[in-house]
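This report concerns only the one structure given below.
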Amino acid sequence: MLIREMTAEDLDAVAGMESENFTTPWKKDDFDDLLDCDDRGCMVAEEEGEIVGCVVYHDILGDVDITNVQVKEAFRGRSIGRKLMEAALEKARSVGGKEFTLEVRASNKAAISLYESLGFVEEGKRKNFYSDPVEDAIIMWLR
Ligand SMILES: CC(C)(COP(=O)(O)OP(=O)(O)OC[C@H]1O[C@@H](n2cnc3c(N)ncnc32)[C@H](O)[C@@H]1OP(=O)(O)O)[C@@H](O)C(=O)NCCC(=O)NCCS
């Protein structure tokens with residue numbers, strides 16, 4: 001399994017995975033916007049030529065927002081999500097990232113457990129932040 005920067009050739013695969021994993025998915029153009037960006041980036045996990053996961057980060061003057069992480073359903077539970085998160089944290093740190101934050105659906109136990117295992121802690125909630133279905137967001141930080 002290879003973790004590398006997303007390229008233009010990956011856009012269809014990443015956007016397809018996104019629409020399988022989320023009820024209000026980002027569009028292909030949203031991922032396209034991340035290419036050649038100084039403060040934002042996307043890394044993908046590739047296995048035997050197939051894109052099986054991705055992570056997106058946005059560096060805002062040293063505060064890094066992890067805005068997307070996902071793994072294809074058939075590939076979950078094999079540490080790919082953890083490796084993607086670790087790669088994004090390392091990459092963001094190497095360009096000056098100091099503190100990390102993210103939002104997660106309150107019911108998303110798998111993701112919350114992954115984030116906690118990396119040292120993220122809950123620092124707040126956003127009421128009814130998500131739609132389809134409506135749900136609170138938990139805000140987590142790694143400081
Ligand atoms: C969250 C997600 C990215 C995890 O990816 P993954 O590759 O399956 O996770 P990993 O195999 O790397 O697991 C890492 C840790 O996450 C936690 N975890 C993963 N799946 C879990 C599950 N089903 N239940 C509870 N904890 C789980 C565990 O702490 C695990 O550590 P362990 O292996 O030492 O037990 C994946 O479930 C996913 O893509 N979900 C759909 C999209 C999504 O919800 N993204 C997050 C949006 S905020």
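Counting starts at 1 for both ligands and their atoms, following the listed order. The chain is numbered in sequence order, starting from 1.
- Between D39 and H58, some side-chain heavy-atom pair lies under the 4.5 Å cut-off.
- Atom numbering of ligand 1 starts at 1 in the shown order; those under 4.0 Å from a heavy atom of Y115 are 46 (C), 47 (C), 48 (S).
- Close approach of ligand 1 to S79 is summarised as follows: ligand atoms under 4.0 Å from at least one heavy atom of the residue are 10 (P), 11 (O), 12 (O).
- Nearest protein heavy-atom contact of atom 21 (C) of ligand 1 is A110 CB, 3.4 Å.
- Nearest protein heavy-atom neighbour of atom 42 (C) of ligand 1: F22 CZ, 3.6 Å.
- Listed by number with element, the atoms of ligand 1 under 4.0 Å from a non-hydrogen atom of S113 are 17 (C), 26 (N), 28 (C), 29 (O).
- On a distance-only criterion, V69 and ligand 1 share at least one N/O pair closer than 3.5 Å.
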Please determine whether side chain to side chain contact (heavy atoms under 4.5 Å, CB included) holds for the pair S131 and T24, giving the CA-CA distance in whole Å, both sets of side-chain angles, and the decisive distance to 0.1 Å.
CA-CA 8 Å; S131 56; T24 51; 4.0 Å; yes

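- You'll find the side chain of V55 stays beyond 4.5 Å of the side chain of N68, heavy atoms only.
- Under a 4.0 angstrom heavy-atom cut-off, Y130 registers as lying outside contact with ligand 1.
- Distance check on atom 40 (N) of ligand 1: some protein heavy atom falls below the 4.0 Å cut-off.
- Less than 4.0 angstrom separates some heavy atom of A111 from each of these atoms of ligand 1: 1 (C), 46 (C).
- Between E18 and K27 there is no salt bridge, since no side-chain N of the basic residue sits under 4.0 Å from a carboxylate O of the acidic one.
- The protein heavy-atom contact nearest to atom 38 (C) of ligand 1 is R76 NE, 3.4 Å.
- The nearest protein atom to atom 7 (O) of ligand 1, hydrogens excluded, is given as G81 N, 2.8 Å; this is a heavy-atom distance.
- Which parts of ligand 1 touch R78 is read off a 4.0 Å heavy-atom cut-off, strictly below it: atoms 11 (O).
- Between G77 and ligand 1, at least one pair of N/O atoms sits closer than 3.5 Å.
- With respect to K127 and E135, no salt bridge is recorded, no charged nitrogen being found less than 4.0 Å from a carboxylate O.
- Contact annotation for L102 and ligand 1: no heavy atom of the residue comes within less than 4.0 Å of the ligand.
- Distances from ligand 1 to the non-hydrogen atoms of E103 include at least one value under 4.0 Å.
- Taking 4.0 Å as the cut-off between side-chain N and carboxylate O, R4 and E46 count as a salt-bridged pair.
- Closest to atom 34 (O) of ligand 1, if we only count protein heavy atoms, is R82 NH2, 3.3 Å.
- Remark: minimum distance from atom 44 (O) of ligand 1 to any protein heavy atom is reached at N108 ND2, 2.7 Å.
- Between L142 and L89, some side-chain heavy-atom pair lies under the 4.5 Å cut-off.
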Check step by step if side chain to side chain contact (heavy atoms under 4.5 Å, CB included) holds for W141 and F120.
CA-CA 5 Å; W141 279 88; F120 282 83; 5.5 Å; no

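- Tested against K28, the residues D12, D33, D10 include a single salt bridge (charged side-chain N to carboxylate O under 4.0 Å, His left out) partner, D12.
- The shortest N/O to N/O separation between V71 and ligand 1 falls below 3.5 Å.
- Among protein heavy atoms, atom 16 (O) of ligand 1 sits closest to L114 CB, 3.3 Å.
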Quick one: do C54 and M43 satisfy side chain to side chain contact (heavy atoms under 4.5 Å, CB included)? Show the steps, please.
CA-CA 6 Å; C54 75; M43 304 180 86; over 6 Å; no

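- Taking 4.5 Å as the limit, some side-chain heavy atom of V56 sits within range of a side-chain heavy atom of L34.
- By the 4.5 Å heavy-atom criterion applied to side chains, I138 and I112 are counted as neighbours.
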